[in-house]
Amino acid sequence: MLDLKLLRENPDLVTQKLAQRGGNYDIQPILDLDQQRRDLEQQRSALQARGNEVGKLVGQKMKSGSKPDDSEIVALKEEGNQVKAQLADLEPREKEIKAQIEALVLQLPNLPSDTTPIGKDETENVEVRRWGDEYKPSHAVLPHYEIAEKLGILTTDRATKIAQTRFVALLGAGAALERALIQFMLDQHIAAGYLEVLPPFLINSTSLTATGQLPKFAEESFKCAEDDLWLAPTAEVPVTNLYRDEIIDGSQLPIHHCAYTPCFRREAGSYGRDTRGLIRLHQFNKVELVKLVRPETSEEEHQKLVASAESILQALKLPYRTIELCTGDIGFGAAKCYDLEVWLPSGNTYREISSCSNFGDFQARRGNIRFKESGQKGTQFVHTLNGSGLAVGRTMAAVLENYQQPDGSIQVPEVLQPYLKRTIL
RNA sequence: GGAGAGGUGGCAGAGUGGUCGAAUGCGUCCGACUUGAAAUCGGAUGUACCGAAAGGUACCGUGGGUUCGAAUCCCACCCUCUCCGCCA
């Protein structure tokens, strides 16, 4: 959520920054409502002040012996009733306007960082670096879903019987490989100082609003019919919300978490794309990194977060490139974002395997996550960051392709061998 | 699912209609005493909004209601705990 004060004091800057995302954002209606709100608030609180005064006077007079039907008391009560009547008019109006402002502001995306490259869409993203040699063996590399079915470690047909399309079931070595990847990623991040969290996978609306999935992107998540609960679309939501409505002691910062969760996404509007394999599923596993940090450190923490995600790909020896998203392509709540794209030889392309975003104070405002430096007065919003470290299914796909041997077997990446206790799948 | 208890400031815990943003204790911060520390003593110590400021307003789980006046009374909801039932 953007700072209303910033909108008020610097509307041109806000408008200009929002325009960098593309699309039209008119903040004038919000500013008008805000002015109305402040006028109403002043009227209201002046009335309340008089009402409080009247109440006190009655109390004092009663205590010093006045009777309820003394003319003085009757007059005060009458005034009290008038105040009440006026408030009954003002209060609902103020409330209504506040709700309107809130609804509008929640729809506004974050301002891109000054360091985010300006561009209209994904074609203007910037490649920052590449790592590893693209695997281009002389033999053909089967797409991961074909080799996996062939090895009998993946079934999509049977999984759709259980659920529907875009679900898979892993068998034998496939299930073991998925588990090994999760375990390896967590171990690596824990060793780097991230504290593991295993959060709830069902999440209430307030939490989804805080991190920005609601109200705009309701159609992207699965909702439980009988309850105000949604299936987690990413661990970002529960882990960030661990601290919602809290004032964190400054000495606790920075907070670094890693979390494995399944993630559930409706993938509305992507019907024709990636219909096979592990790339785009309604349910997939992910290890997520989440940070809550002081504002002045967030840029540095962001770079380190990206490095943490990259370290997994490097340890697995999977070639990748790092892309800095431009203003037209960054997500709703992000101020700045890097995507990691892993090499998939079957398609001769790179595919997104991680997205690492700095949200600035956008989520912290929505979730009211603040910190207080001891000795200093006042509170500040933390900055929140998160990134995949990594999407497990896509990592499995990358392993199945980048480690595919001429005979169709899969070599187990060295770092996973202790987990899988085998060298070949 | 049934029965009961309860939600007050960083924590503990008073407060059942009037000047209560809220006693007291602990904690924390500042100061005094001390070579230093402990102990002791004195003071301070919530958040947010509006306002140039002075100051004002709101907040005792949430939302309504009664009243001149609500932490306190009434209604609804949410959450927590205990016991019973069911259950991995």
Just wondering, do [Y] and [X] contact through their side chains at under 4.5 Å, heavy atoms?
X      : Y      : value
A/V290 : A/V197 : no
A/Y243 : A/I248 : yes
A/W230 : A/N204 : no
A/Y194 : A/L186 : no

- Query: Is a salt bridge present between A/K336 and A/E324, judged by a nitrogen-to-oxygen distance below 4.0 Å?
  - Reply: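 Here A/K336 pairs with A/E324 in a salt bridge, since their nearest N and O are under 4.0 Å apart.
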- Query: In terms of side-chain geometry, is the basic nitrogen of A/K5 or A/E9 positioned less than 4.0 Å from the acidic oxygen of its partner?
  - Reply: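 No, this pair does not count.
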Interatomic distance at [atom1], [N] relative to [M], whole Å:
N     : M     : atom1 : value
B/G15 : B/U72 : C1'   : 8 Å
B/G61 : B/G21 : P     : 16 Å
B/A14 : B/U24 : P     : 15 Å
B/G43 : B/U62 : C1'   : 37 Å
B/C11 : B/G27 : P     : 16 Å
B/G65 : B/C59 : P     : 13 Å
B/G17 : B/A53 : P     : 40 Å
B/C50 : B/A32 : C1'   : 40 Å

- Contact pattern, 5' to 3', of nucleotides 65-72 of chain B - B, S or - by protein heavy atom under 4.0 Å: --BBS---
- Query: For every nucleotide of nucleotides 43-50 of chain B, 5' to 3': is a protein heavy atom under 4.0 Å from its base (B), only from its sugar-phosphate (S), or from neither (-)?
  - Reply: ----SSBS
- Message: Within a 6.0 Å radius of atom CZ on A/R50, are there more than 12 heavy atoms belonging to other residues, nucleotides or ligands?
- Response: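 Yes - once you tally the heavy atoms of other residues, nucleotides and ligands closer than 6.0 Å, there are more than 12.
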- Got a sec: does the NZ of A/K95 have more than 12 other heavy atoms crowding it under 6.0 Å?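 No.
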Nearest-Å distance, [atom1] ([X]) to [atom2] ([N])?
X     : N     : atom1 : atom2 : value
A/D39 : B/U57 : CG    : P     : 19 Å
A/E91 : B/G63 : CD    : P     : 12 Å
A/L87 : B/U57 : CG    : P     : 12 Å

- Message: Given 3.5 Å as the limit, does a donor-acceptor pair link the side chain of A/T327 with the main chain of A/G119, or not?
- Response: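 Looks like yes, one N/O pair under 3.5 Å.
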- Determine yes or no for a side-chain-to-main-chain donor-acceptor pair under 3.5 angstrom, with A/R294 supplying the side chain and A/G250 the backbone.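 Between the backbone of A/G250 and the side chain of A/R294 there is a qualifying donor-acceptor contact (under 3.5 Å).
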- Distance (rounded to the nearest 0.5 Å) between A/F284 CZ and A/E178 CD: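 Nearest 0.5 Å value for the CZ-CD distance: 11.0 Å.
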- Query: Counting any heavy atom closer than 4.0 Å, what does A/Q48 reach on the DNA or RNA strands: base, sugar-phosphate only, or nothing?
  - Reply: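 Sugar-phosphate: the residue A/Q48, judged by heavy atoms under 4.0 Å, touches backbone atoms but no base.
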- Message: Regarding A/N52, tell me which of base, sugar-phosphate or nothing describes its non-hydrogen contacts under 4.0 Å with the strands shown.
- Response: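 Since only primed, P, OP1 and OP2 atoms lie under 4.0 Å of A/N52, the category is sugar-phosphate.
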- Query: Stem ranges for RNA chain B, with three or more consecutive Watson-Crick or G-U pairs under 3.5 Å?
  - Reply: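 Stems for RNA chain B, defined as runs of 3 or more consecutive pairs: B:1-7 with B:78-84, B:10-12 with B:24-26, B:27-32 with B:40-45, B:46-50 with B:55-59, B:61-65 with B:73-77.
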- Query: Where is the tightest heavy-atom contact between A/T297 and A/V293, given as atom of each residue plus distance?
  - Reply: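 Taking A/T297 first and A/V293 second, the nearest heavy atoms are OG1-CB, 3.6 Å.
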